[in-house]
Amino acid sequence: STREGFSTIPSVTWEDVGGLDHIREEFYRHVIKPLKHPEECEGFEFCSETGFMLYGPPGCGKTLVAEAVANEAGVYYIHIKGPELLSKYVGETEKEIRKLFSRARACSPCLIFLDEFDALTTKRGSGEGAWVVERPLNQLLAEMSGGQARDGVIVIGATNRPKEIDPAVTRPGRFGKHIYLPLPNAVQRGLILKSLARKVPLDPSVDLDEIARMEGCENLSGADLKYLVKEAGMLARDDETCSKPRRIKKIHFEDVLTRIKPSVTMQQ
Ligand code: ATP
């Protein structure tokens, strides 16, 4: 649903997001409430952040959260990847960043989701041609430091490699609020499975919390759980031993769990 640079209101809702209620809460305080109930926030604009950095392993809901926030806020959403800003417009990058923000301001309130943020930053002084990376970054920070409410532009950055981000980037007033999205625990896996299984033919006997605790489910990311549901669905569809209409049963999940491998290894 996210075409690069295309601004629209995403269709993802918090119902699609499992196990991240505390993060929803955080965004409610900083983004949703000031937008939806400005009268209750009058005089307190100073205490809410408009720049966020989501970090954590791949497939754990960073994109999903950004889309759900934009949906709940009812604001336009621009999805852009760090490397694209760079590779497409070397030399022109600063201009592109300026354009990005002026476009966002023109359709404000607007949320910019800047995925793979680490591509825009290197450790200062390291590597040949590091300035190519730093100048656009300075441009970006200048755009972000512009004014209290930043004219209704919210920026959410995302990275799998927080250590590669210059601390200058993550100061208050810039990407000041840092939010960690870890691999889900068993309880969260259960909640993720429930949100993923809402629209699939699940046998009523299946206990998704039990599935979430089973061997093979440990260390699975949200993206892996999506794959689990998909594969179990395929097995159910083709299961000749099941009477029709066919439904996904515990055995189908068990079958997939014997061979599924976590996409995130502990080294990451
Ligand atoms: P990357 O770093 O690879 O971009 P990401 O953290 O942005 O990953 P998402 O794109 O949000 O991950 O997640 C990938 C898919 O995994 C989602 O489309 C969704 O189907 C599933 N998923 C991940 N986390 C959750 C969650 N908390 N609840 C429900 N589904 C999830």
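Order of appearance sets the numbers: ligands from 1, and atoms from 1 within every ligand. Along the sequence shown, residues carry numbers from 1.
Of the listed residues (Leu183, Asp115, Thr159), the one carrying the non-hydrogen atom nearest atom 4 (O) of ligand 1 is Asp115. Counting only non-hydrogen atoms, the option in Ala223, Pro58, Ser221 that gets closest to atom 15 (C) of ligand 1 is Ala223. Checking Lys62, Glu15, Lys230 against atom 5 (P) of ligand 1, the nearest heavy atom belongs to Lys62. Of all the listed residues (Gln188, Arg189, Lys226), Lys226 holds the heavy atom that lies closest to atom 18 (O) of ligand 1.
Judged by distance alone, the side chains of Thr159 and Asp118 do bring a donor and an acceptor atom under 3.5 Å apart. Residues Asp224 and Ser263 have side chains that bring a donor and an acceptor to within less than 3.5 angstrom of each other.
Between Arg198 and Glu15 there is a salt bridge, since a side-chain N of the basic residue sits under 4.0 Å from a carboxylate O of the acidic one. Note on Glu84 versus Lys81: no salt bridge recorded, every NZ/NE/NH1/NH2 to OD/OE distance being 4.0 Å or above. Under the 4.0 Å criterion applied to side-chain N and carboxylate O atoms, Glu218 and Arg213 are not assigned as salt-bridge partners. Salt bridge Glu67/Lys62: absent, no basic N to carboxylate O contact under 4.0 Å. Using a cutoff of 4.0 Å between basic side-chain nitrogens and carboxylate oxygens, Lys194 and Asp209 are scored as salt-bridged. The existence of a salt bridge linking Glu72 and Arg24 is confirmed by a sub-4.0 Å separation between a basic side-chain nitrogen and an acidic carboxylate oxygen.
Taking a cut-off of under 4.0 Å to the non-hydrogen atoms of Asp16, the atoms of ligand 1 that pass are 28 (N), 29 (C), 30 (N). Of all the atoms in ligand 1, the ones that sit under 4.0 Å from a non-hydrogen atom of Val17 are 28 (N). Taking a cut-off of under 4.0 Å to the non-hydrogen atoms of Ser195, the atoms of ligand 1 that pass are 29 (C). Atoms of ligand 1 found under 4.0 Å from any heavy atom of Asn160, numbered from 1 in the order shown, are 2 (O). Set against the non-hydrogen atoms of Gly222, the atoms of ligand 1 under 4.0 Å away are 16 (O), 21 (C), 22 (N), 23 (C), 24 (N).
Checked by distance only, ligand 1 and Ile192 stay at 3.5 Å or farther apart across all their nitrogen or oxygen atoms. Remark: ligand 1 and Gly61 share an N or O pair separated by less than 3.5 Å (distance only, no angle test).
Scanning the protein heavy atoms around atom 31 (C) of ligand 1, the nearest turns out to be Leu64 CD2, 3.3 Å. The protein heavy atom nearest to atom 8 (O) of ligand 1 is Gly59 N, 2.8 Å. Atom 28 (N) of ligand 1 has Gly18 N, 2.8 Å as its closest protein atom, hydrogens excluded (heavy atom only). Nearest protein heavy-atom neighbour of atom 7 (O) of ligand 1: Thr63 OG1, 2.6 Å.
Under the ring-ring contact (aromatic ring centres under 6.0 Å, His included) criterion, Tyr28 pairs with no residue at all, not counting sequence neighbours.
Counting heavy atoms under 4.0 Å from ligand 1, residue Leu20 touches it through the side chain alone.
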(request) Start with the C-alpha gap between Glu254 and Lys249, add the side-chain angles, then the distance that decides, and say whether salt bridge (Lys or Arg N to Asp or Glu O under 4.0 Å) holds. (result) CA-CA 9 Å; Glu254 282 172 332; Lys249 297 186 172 155; over 6 Å; no
